[in-house]
**Student:** 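One structure, as structure tokens, below. Some questions next.
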Amino acid sequence: GDTMTNVQLFTNQAIVAASTGDWASAKTYNEQILEIETANIGALNRLGYSLIQLGNPRLAKQTYERVLAVERFNPIALKYLQLLKSKITP
């Protein structure tokens with residue numbers, strides 16, 4: 001079908017899942033968006049946040065770094081990367 005419609009559908013589902021604290025579903029929906037649009041900034045940022053909530057800071061950090069590869073000064077990604085750098089021990 002129409003890929004744009006799928007992206008919008010998954011986006012809505014991801015936001016609803018996050019708003020109810022269902023981080024596992026939020027992660028899945030955002031990953032589905034990224035299968036369609038690999039550089040979708042919104043999905044990457046939401047995925048990063050889901051990963052933080054699921055206790056996976058290293059993968060969250062990699063996800064936010066993907067945001068900065070596309071949009072170098074993205075404020076959300078920069079904010080959470082700072083936060084993650086202070087939390088992750090080498």
Side-chain angles (χ1 to χ4, degrees):
D2 183 1
T3 53
M4 189 58 214
T5 310
N6 287 344
V7 169
Q8 286 171 328
L9 187 68
F10 291 141
T11 299
N12 291 341
Q13 289 172 314
I15 291 166
V16 169
S19 71
T20 60
D22 184 357
W23 299 110
S25 296
K27 175 179 176 280
T28 302
Y29 289 128
N30 287 307
E31 285 170 340
Q32 286 176 308
I33 295 164
L34 293 164
E35 280 176 29
I36 302 165
E37 292 179 4
T38 53
N40 186 305
I41 299 290
L44 284 166
N45 276 327
R46 288 190 303 271
L47 177 59
Y49 193 74
S50 300
L51 289 163
I52 292 172
Q53 297 300 321
L54 291 165
N56 197 337
R58 285 178 195 280
L59 201 53
K61 183 173 175 280
Q62 289 172 9
T63 304
Y64 286 122
E65 283 165 352
R66 278 175 68 188
V67 174
L68 297 184
V70 180
E71 198 176 287
R72 204 169 142 209
F73 299 108
N74 183 278
I76 297 168
L78 288 169
K79 175 180 142 185
Y80 286 109
L81 274 172
Q82 279 305 114
L83 197 77
L84 287 162
K85 278 175 187 159
S86 65
K87 282 187 174 178
I88 300 171
T89 48

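Side-chain atoms are counted along with the backbone in the values below, which use heavy atoms only and exclude waters and symmetry mates.
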**Student:** I need the minimum non-hydrogen distance between Pro57 and Leu84, along with the two atoms involved.
**Tutor:**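 So the two residues come closest at CB-CD2, 3.7 Å.
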**Student:** Any link between Tyr29 and Ile15 through a network of hydrophobic side chains (Ile, Leu, Val, Met, Phe, Trp, Tyr) touching at under 4.5 Å?
**Tutor:**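 Different clusters.
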**Student:** Which atom pair, heavy atoms only, marks the closest approach of Ala26 to Ser50?
**Tutor:**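 Heavy-atom minimum between the residues: CB-OG, 3.5 Å.
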**Student:** Is the shortest side-chain heavy-atom distance between Ile76 and Lys79 below 4.5 Å?
**Tutor:**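 Answer no - side chains too far apart.
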**Student:** Restricting to ring pair (Phe, Tyr, Trp, His ring centres under 6.0 Å), what partner residues turn up for Tyr64, sequence neighbours left out?
**Tutor:**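 If we apply the ring pair (Phe, Tyr, Trp, His ring centres under 6.0 Å) test to Tyr64, skipping adjacent residues, the hits are Tyr80.
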**Student:** Can you give me the closest heavy-atom contact between Ala77 and Leu68, atom names plus distance?
**Tutor:**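 Minimum heavy-atom separation between Ala77 and Leu68: CB-CD2, 3.8 Å.
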**Student:** Are Leu47 and Leu34 side-chain neighbours, meaning at least one heavy-atom pair lies under 4.5 Å?
**Tutor:**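 Yes; the side chains approach each other to less than 4.5 Å.
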**Student:** Drop me the distance from Ile41's CD1 to Arg66's CZ, to the nearest 0.5 angstrom.
**Tutor:**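 Separation between the atoms: 10.0 Å.
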**Student:** Does a side-chain heavy-atom distance below 4.5 Å link Arg46 with Thr11?
**Tutor:**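 Sidechains of Thr11 and Arg46: in contact.
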**Student:** Tell me the closest heavy-atom pair linking Thr20 and Ala17, and the distance in Å.
**Tutor:**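 Closest approach of Thr20 to Ala17, heavy atoms only: OG1-O, 3.0 Å.
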**Student:** In a check of side chain to side chain contact (heavy atoms under 4.5 Å, CB included) between Ile33 and each of Leu44, Leu9, Asn40, which one passes?
**Tutor:**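 One option only clears the test, and that one is Asn40.
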**Student:** Leu51, Val70: one ILVMFWY side-chain cluster at the under-4.5 Å cut-off?
**Tutor:**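 Same cluster: Leu51 reaches Val70 through Ile, Leu, Val, Met, Phe, Trp or Tyr contacts under 4.5 Å.
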**Student:** Test of understanding: clusters of I, L, V, M, F, W, Y form through side-chain heavy atoms closer than 4.5 Å, transitively. Do Leu54 and Tyr49 belong to the same one?
**Tutor:**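 Per the 4.5 Å side-chain linkage, Leu54 and Tyr49 are co-clustered.
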